[in-house]
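Accompanying notes for the structure given below.
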Number of protein chains: 2
Amino acid sequence: MALRYAILVSLHDKQGTGYEIAKEFDNGVGYFWNATSQQIYNELGKLARDNLISFKVVPQRDRPQKKIYRITSAGKKALVEWLSQPTKIQPIRDPLLIKLFASDLIPPSVLLEDIETHRKLRTQLLANLEALRDRKTASGKKIPKALRYKYFTLLRGIGALQAWLDWSTEVVQSLRSEKRP
Amino acid sequence: MALRYAILVSLHDKQGTGYEIAKEFDNGVGYFWNATSQQIYNELGKLARDNLISFKVVPQRDRPQKKIYRITSAGKKALVEWLSQPTKIQPIRDPLLIKLFASDLIPPSVLLEDIETHRKLRTQLLANLEALRDRKTASGKKIPKALRYKYFTLLRGIGALQAWLDWSTEVVQSLRSEKRP
DNA sequence: GTAACCATGTAACACGTTACATGATTGT
DNA sequence: ACAATCATGTAACGTGTTACATGGTTAC
């Protein structure tokens, strides 16, 4: 159910096409929600059927036609209602930790490689988010009130990545010391 | 697919009934994987059909009969194979952050309540995990090599909870200051 | 020429959640 | 009385992933 509201939030901020929303999910919104374009196109269809969003078809010369979606007043109402409900704690499901838990079954090098790959990805992501943060707070800028909570979602992304990277540093050290004792 | 291997890891450690595995997922294994008993019973059925686990039915006087499962050699093989494959980074999906992102649509008090509920839950969880950790490292005990990586999964759980709580402290402060400026 | 970008969609399948169903025993 | 613990399972539904399908433009 949450994807639908993530989309409504995105459309409440700014109208857009499915393609654009999908891109946002890869970038901005992406550090707290994740979805494939297929999921998004599908959900946009349902949302339009439920009249929570409307769209206009825009033909283009060079590119395929597109649908620009915007939230309706019914959509805004549904969104506010959902926002007022308590959220569920989301369960943890990290396949990498299954591996660690079963590490006596595989050589440390296999684990190491996997962790290093994740480290690279997350290090890159962290750099992106930190750059974003720095742009927002550069030269003594103050975050406007209305944007403060969006800013907090960014900080959450950064905090989570940092915690993961700190932890993985320890694990890698331990794995390395095991290889050449 | 990962649930099946989480179960195999659990059974590789120690044979058990579906009920016992489900309990483990609520406690030990629970800080990195999560599943309902229905999911587990279902997957156990499939695993048995695929001969990756076997079971014997044990009738009991006072209680309903139970099935004690253990991993087979084919199961161990399948597990090792899976462990050797690279894992995927798991996508982030936190409904609470959707709320924050859309915070201009709801009064801060609604957000505050929700966050406080989460804080209580996670504070409790953190205390449990820290107690577990302290028991394992108490009185200068050294973690045996074979258990070191299991211990790291525990540290990961603790780190993630701490990062979340640190972040939420900031958010709550900001929300409170907005209520009475 | 090959990849990336723009742009949308269908269909099959896998995975997860919730509700329903059963039923004795133990502790408050 | 009521809830919790032990113990397993089916069925309906909702969500997420992967593959397939189409097709022009721009940049290397």
Side-chain angles (χ1 to χ4, degrees), chain A residues 1-8 15-27 29-30 32-50 53 55-69 82 85 87-95 98, chain B residues 1-8 15-27 29-30 32-50 53 55-69 82 85 87-95 98:
Chain A
M1 265 298 90
L3 171 62
R4 95 172 332 215
Y5 300 102
I7 291 174
L8 284 177
Q15 60 172 109
T17 66
Y19 188 84
E20 282 163 356
I21 296 168
K23 284 208 88 176
E24 250 200 79
F25 273 72
D26 280 342
N27 303 310
V29 191
F32 66 85
W33 204 270
N34 190 289
T36 61
S37 42
Q38 282 70 23
Q39 255 184 296
I40 290 163
Y41 285 123
N42 196 289
E43 196 63 43
L44 282 170
K46 286 191 212 162
L47 281 164
R49 254 171 267 140
D50 295 345
I53 59 175
F55 63 91
K56 58 174 178 212
V57 178
V58 179
Q60 296 177 112
R61 270 159 258 157
D62 309 346
R63 310 197 161 283
Q65 73 163 199
K66 60 183 179 181
K67 291 179 181 173
I68 298 178
Y69 290 95
W82 182 81
Q85 302 291 123
T87 53
K88 292 181 197 170
I89 30 90
Q90 88 288 20
I92 308 158
R93 284 191 185 115
D94 191 342
I98 300 182
Chain B
M1 266 297 89
L3 171 62
R4 71 176 355 206
Y5 299 102
I7 291 175
L8 285 177
Q15 60 171 110
T17 67
Y19 189 83
E20 282 163 355
I21 296 168
K23 284 207 89 177
E24 250 200 79
F25 273 72
D26 280 343
N27 303 310
V29 191
F32 67 84
W33 203 270
N34 190 289
T36 61
S37 41
Q38 283 69 24
Q39 253 183 297
I40 290 163
Y41 285 124
N42 196 290
E43 196 63 44
L44 283 171
K46 285 192 214 162
L47 281 163
R49 253 171 269 143
D50 295 347
I53 59 176
F55 63 91
K56 58 173 176 214
V57 178
V58 178
Q60 296 177 113
R61 270 160 257 155
D62 309 346
R63 312 199 157 284
Q65 72 162 200
K66 60 185 180 181
K67 291 179 180 172
I68 298 178
Y69 291 94
W82 182 81
Q85 302 292 122
T87 53
K88 292 180 196 169
I89 30 92
Q90 88 289 21
I92 306 160
R93 283 194 184 114
D94 191 341
I98 299 180

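Letters A, B, ... mirror the listed sequences (proteins, then strands); counts begin at 1.
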Without decimals, in angstroms, what is the distance between B:Ile21 CD1 and D:dT8 C1'? 13 Å
A side-chain contact here means heavy atoms from C-beta on lying under 4.5 Å apart; do B:Phe55 and B:Thr17 qualify? no
Nearest whole angstrom, please: distance from the C1' of C:dG9 to the NZ of A:Lys67. 8 Å
Can you check whether A:Lys23 has a side-chain N or O nearer than 4.0 Å to OP1 or OP2 of C:dC6? yes
Separation of B:Gln65 atom CD from C:dA24 atom C1', in whole Å? 14 Å
State which of C:dT18, D:dT18, D:dG16 makes the closest approach to the side chain of A:Trp33. D:dG16
Can you tell me how far P of D:dT18 sits from CG of A:Asn42, to the nearest Å? 16 Å
With sugar-phosphate taken as primed atoms, P, OP1 and OP2 and all else as base, the protein-contact string of nucleotides 20-28 of chain D at under 4.0 Å (heavy atoms; B, S, -) is ---BBS---
Does any N or O in the side chain of A:Arg93 come within less than 3.5 Å of the main-chain N or O of B:Asn34, such that one atom is a donor and the other an acceptor? yes
Between D:dG16, D:dT18, C:dT18, spot the one nearest the side chain of A:Thr36, thanks. D:dT18
Report yes if at least one side-chain N or O of A:Gln60 is closer than 4.0 Å to OP1 or OP2 of C:dA7; otherwise report no. yes
Would you indicate, yes or no, if C:dG9 has its OP1 or OP2 atom less than 4.0 angstrom from a side-chain nitrogen or oxygen of A:Lys66? no
Starting from C1' on D:dT10, measure out to CG on B:Leu44 and report it in whole angstrom. 15 Å
Side chain of B:Leu3 only, please: which of C:dT8, C:dG16, C:dT17 is the nearest? C:dG16
To the nearest angstrom, the CD-P distance between A:Gln39 and C:dG16 comes to 14 Å
Pick base, sugar-phosphate or nothing for B:Arg93, based on heavy-atom distances below 4.0 Å to the nucleic acid. sugar-phosphate
Given atom CZ of A:Arg4 and atom P of D:dT15, what is their separation to the nearest angstrom? 8 Å
Respond yes when some side-chain nitrogen or oxygen of B:Tyr41 is under 4.0 Å from OP1 or OP2 of D:dG9, and no when none is. no
Nearest to the side chain of B:Tyr19 - C:dC5, D:dA7, D:dG9? D:dA7
How long is the span from the CD1 atom in B:Ile40 to the CD atom in B:Glu20, to the nearest 0.5 Å? 11.5 Å
Set of ring-ring contact (aromatic ring centres under 6.0 Å, His included) partners for A:Tyr41, sequence neighbours left out: none
How many angstroms lie between CG in A:Leu47 and OH in A:Tyr5, if you round to the nearest 0.5 Å? 8.5 Å
For atom CE of B:Met1 and atom P of D:dT18, their distance in whole Å: 12 Å
Winner on side-chain proximity to B:Thr17, out of D:dT8, C:dT8, D:dG16, is D:dT8
So which one's nearest nucleotide on DNA chain D is more toward 5', B:Ile68 or A:Lys46? B:Ile68
To the nearest 0.5 Å, atom CG of B:Leu44 lies from atom CD1 of B:Ile21 at 4.5 Å
Can you name the nearest heavy-atom pair linking A:Lys88 to B:Pro95, along with the distance? O-CG, 3.9 Å
Nearest-nucleotide wise, let me know which of B:Gly18 and B:Pro91 is further upstream toward the 5' end of DNA chain D. B:Gly18
So, taking the atom named CD1 in A:Ile53 and the one named NZ in A:Lys46, what distance separates them when rounded to the nearest 0.5 Å? 12.0 Å
